[in-house]
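Counting convention: from 1, in listed order, for ligands and their atoms alike. Predicted model, so just to flag it, every value in this text is computed and none were measured.
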Amino acid sequence: MYFGTVLLSNIALAVTYGSAFPDFKISSRQNSCPSVWANISFELTGQFATGLGYTDSARAAIRAAFHDCFSGPGGCGRSLILAGELDWDINSSIRDIGNTLSSMAMKYSVGAADIIQFAAAHAIKTCTNGPTVQILIGRREWSTPAPQSEIPGASDSSDTLLSLFAQKGFTDVDLTALIGAHTCARQFTTDLATADASLDRTPGTWDVAFYQQTLGGTVPFSFQSDVSIMHSTQTAPIFQLFAGNVAAWE
Ligand code: HEM
Ligand SMILES: *[C@@H]1O[C@H](CO)[C@@H](O)[C@H](O)[C@H]1NC(C)=O
Ligand SMILES: *[C@@H]1O[C@H](CO)[C@@H](O)[C@H](O)[C@H]1NC(C)=O
């Protein structure tokens, strides 16, 4: 577990001790990371990092956190794991990680919404040059499935995407920055003929190559949605800025 301590030292102090979900209760704040999260970290490290680097489940964990936060009425509330949301996409690449995290939440008696975000932070760190992302533990959870239409699709136009993100309080800059997570991404279901194609040429490295190579047309695969954001008058200048400026993207 070669990065776990770095990550854990940055984890915020509000802590949920859940009984096995769906019931949970909130404990008082603590000054240190409870050992249960260290144990979860250990288990996730085994899944996300191999001798060769980054695994499929690590990338899927990042995407799963996005979906969990983006759907539903109040942010990141584990609705992903409930009520069949994992069954939405045939062959969805987040189904396995969703089921894994659901089991781990029960096994360790922590919040499912929390473990989804914890796993994503862990996965980002697993990427080469991945930053340490602070996450807060203690999310409220709910069991209402979200409307499926809220999740952006790979063929959505920039207008649709800007509007979907604006409804969640995200600006044009936010949207353009967030899709930069496709720096650590592959596609499996959008184009079956090229399943496993990455969205930049360094899918295990957290960098701005996604922006550069999407602009240059030198990526193995691009979503129409990303290309649309690259071209839209509202977001094109931001997309170009990030391509040339890691600090701006970060
Ligand atoms: C504009 C909105 C977005 C659209 C339309 C979109 C669409 C997609 C699609 C279609 C896939 C491929 C799934 C598959 O075939 O297996 C994918 C993968 C991925 N997305 Fe997005 N995405 C968006 C935004 C985001 C955001 C905001 C994040 C995270 C912050 C994210 C993280 C990822 C990751 C990490 C993968 C790779 C999963 C893997 O390699 O298994 N995406 N995205
Ligand atoms: C974490 O793992 C250690 C060592 O296996 C064990 O002794 C401890 O009880 C675990 N803590 C929790 C909260 O699961
Ligand atoms: C994907 O979905 C198709 C059609 O429902 C099914 O036949 C196939 O077995 C699925 N593949 C995987 C890997 O789940």
Side-chain angles (χ1 to χ4, degrees), residues 1 4 8 15 17-18 27 30 32-43 48 54-71 76 88-98 104-110 116-117 119-121 123-124 126-127 130-131 133 149-166 168 170 172-200 203-206 210 214 220-230 232 235 239 249:
M1 201 182 69
L8 289 171
V15 173
Y17 281 121
S27 73
Q30 292 189 189
S32 61
C33 182
S35 71
V36 66
W37 288 103
N39 292 10
I40 291 168
S41 169
F42 185 78
E43 199 168 320
F48 290 170
Y54 205 58
T55 64
D56 286 356
S57 56
R59 293 191 315 276
I62 301 172
R63 185 167 184 234
F66 164 50
H67 281 212
D68 198 47
C69 291
F70 208 78
S71 63
C76 318
W88 280 354
D89 302 318
I90 299 296
N91 294 330
S92 162
S93 54
I94 58 175
R95 190 174 302 139
D96 288 350
I97 190 71
M104 282 176 73
M106 284 189 266
K107 174 178 165 187
Y108 290 104
S109 294
V110 297
I116 292 171
Q117 299 310 316
I124 287 168
T126 310
C127 235
V133 179
S149 60
E150 287 183 2
I151 296 290
S155 54
D156 283 351
S157 69
S158 57
D159 284 348
T160 301
L161 294 169
L162 285 163
S163 149
L164 279 174
F165 276 69
K168 302 288 181 186
F170 291 111
D172 304 358
V173 175
D174 295 335
L175 167 61
T176 312
L178 281 164
I179 60 164
H182 288 165
T183 182
C184 275
R186 293 178 187 275
Q187 73 83 24
F188 298 90
T189 61
T190 304
D191 178 36
L192 295 178
T194 60
D196 200 39
S198 58
L199 305 185
D200 71 10
T205 304
W206 194 265
F210 161 76
T214 305
F221 192 89
S222 281
F223 297 132
Q224 206 179 305
S225 53
D226 289 340
V227 171
S228 180
I229 293 167
M230 173 178 85
S232 158
T235 45
F239 201 103
W249 177 54

ask   = Hey, is ligand 1 close enough to His182 that some N/O pair sits below 3.5 Å?
value = yes
key: Of the listed options Arg63, Arg186, Arg59, Gln187, closest to atom 13 (C) of ligand 1 (non-hydrogen atoms)   = Arg63
task = Would you mind telling me if ligand 1 is within reach of the side chain of Pro203, the backbone, both or neither, using heavy atoms under 4.0 Å?
result = neither
key: CG on Asp200 to OG1 on Thr214, rounded to 0.5 Å   = 7.5 Å
query = Relative to the heavy atoms of Pro152, which atoms of ligand 1 are at a distance of less than 4.0 Å?
reply = 2 (C), 5 (C)
Which atom of Ala61 lies closest to which atom of Ala119, heavy atoms considered = CB-O, 4.1 Å
request  = Fit a plane to each ring of Phe70 and Phe66, take the angle between them on a 0 to 90° scale, and name the class: parallel (under 30°), tilted (30 to 60°) or perpendicular (over 60°).
outcome  = tilted
Closest non-hydrogen atom pair between Ala65 and Ile116, with its separation = CA-CG2, 3.7 Å
ask   = Ile179 heavy atoms, cut-off 4.0 Å: which ligand 1 atoms fall inside?
value = 1 (C)
key: Parallel, tilted or perpendicular, as decided by the 30° and 60° cut-offs, for the rings of Phe239 and Phe210   = tilted
Heavy-atom closest contact (Ser232 atom, Ser158 atom, distance) = CB-OG, 3.4 Å
inquiry  = As a test of reading the model: which residues have a non-hydrogen atom less than 4.0 Å away from ligand 2?
reply    = Ser35, Val36, Asn39
ask   = Do Val110 and Val36 touch side chain to side chain, with heavy atoms closer than 4.5 Å?
value = yes
task = Check Phe66 against ligand 1 and report side chain, backbone, both or neither, counting heavy atoms closer than 4.0 Å.
result = side chain
key: Options Ser158, Ala181, Ala120, ranked by nearest heavy atom to atom 30 (C) of ligand 1, top entry   = Ala181
message = Any donor-acceptor pair under 3.5 Å linking the side-chain atoms of Ser157 with those of Thr160?
response = yes
request  = Kindly determine whether Asp172 and Phe165 satisfy side chain to side chain contact (heavy atoms under 4.5 Å, CB included), including the steps that lead there.
outcome  = CA-CA 8 Å; Asp172 304 358; Phe165 276 69; over 6 Å; no
message = I'd like to check which ligand 1 atoms, numbered from 1 as shown, lie under 4.0 Å from a non-hydrogen atom of Ser225.
response = 5 (C)
task = Identify, by atom number and element, the atoms of ligand 1 in contact range of Cys184, meaning under 4.0 Å from any of its heavy atoms.
result = 35 (C)
inquiry  = Heavy atom to atom 8 (C) of ligand 1, shortest distance: which of Tyr54, Phe165, Phe223 holds it?
reply    = Phe223
key: Proximity flag Thr190 to ligand 1, non-hydrogen atoms under 4.0 Å   = yes
request  = Identify the heavy atoms of Ala123 and Ile62 that sit nearest to each other, and give their distance.
outcome  = CB-CG1, 3.7 Å
key: Ala185 N/O under 3.5 Å from ligand 1 N/O   = no
ask   = Of the backbone atoms (N, CA, C, O) and the side-chain heavy atoms from C-beta on, which set of Thr189 has a member under 4.0 Å from an atom of ligand 1: side chain, backbone, both, or neither?
value = both
ask   = Which ligand 1 atoms are under 4.0 Å away from a heavy-atom of Ile62?
value = 35 (C)
task = Output, in order, the C-alpha distance, side-chain angles, deciding distance and verdict of side chain to side chain contact (heavy atoms under 4.5 Å, CB included) for Phe221 and Ser198.
result = CA-CA 6 Å; Phe221 192 89; Ser198 58; over 6 Å; no
ask   = Do you see a donor-acceptor pair shorter than 3.5 Å between the side chains of Gln187 and Thr194?
value = yes
request  = Report yes if the side chains of Asp226 and His182 come closer than 4.5 Å at any heavy-atom pair, otherwise no.
outcome  = yes
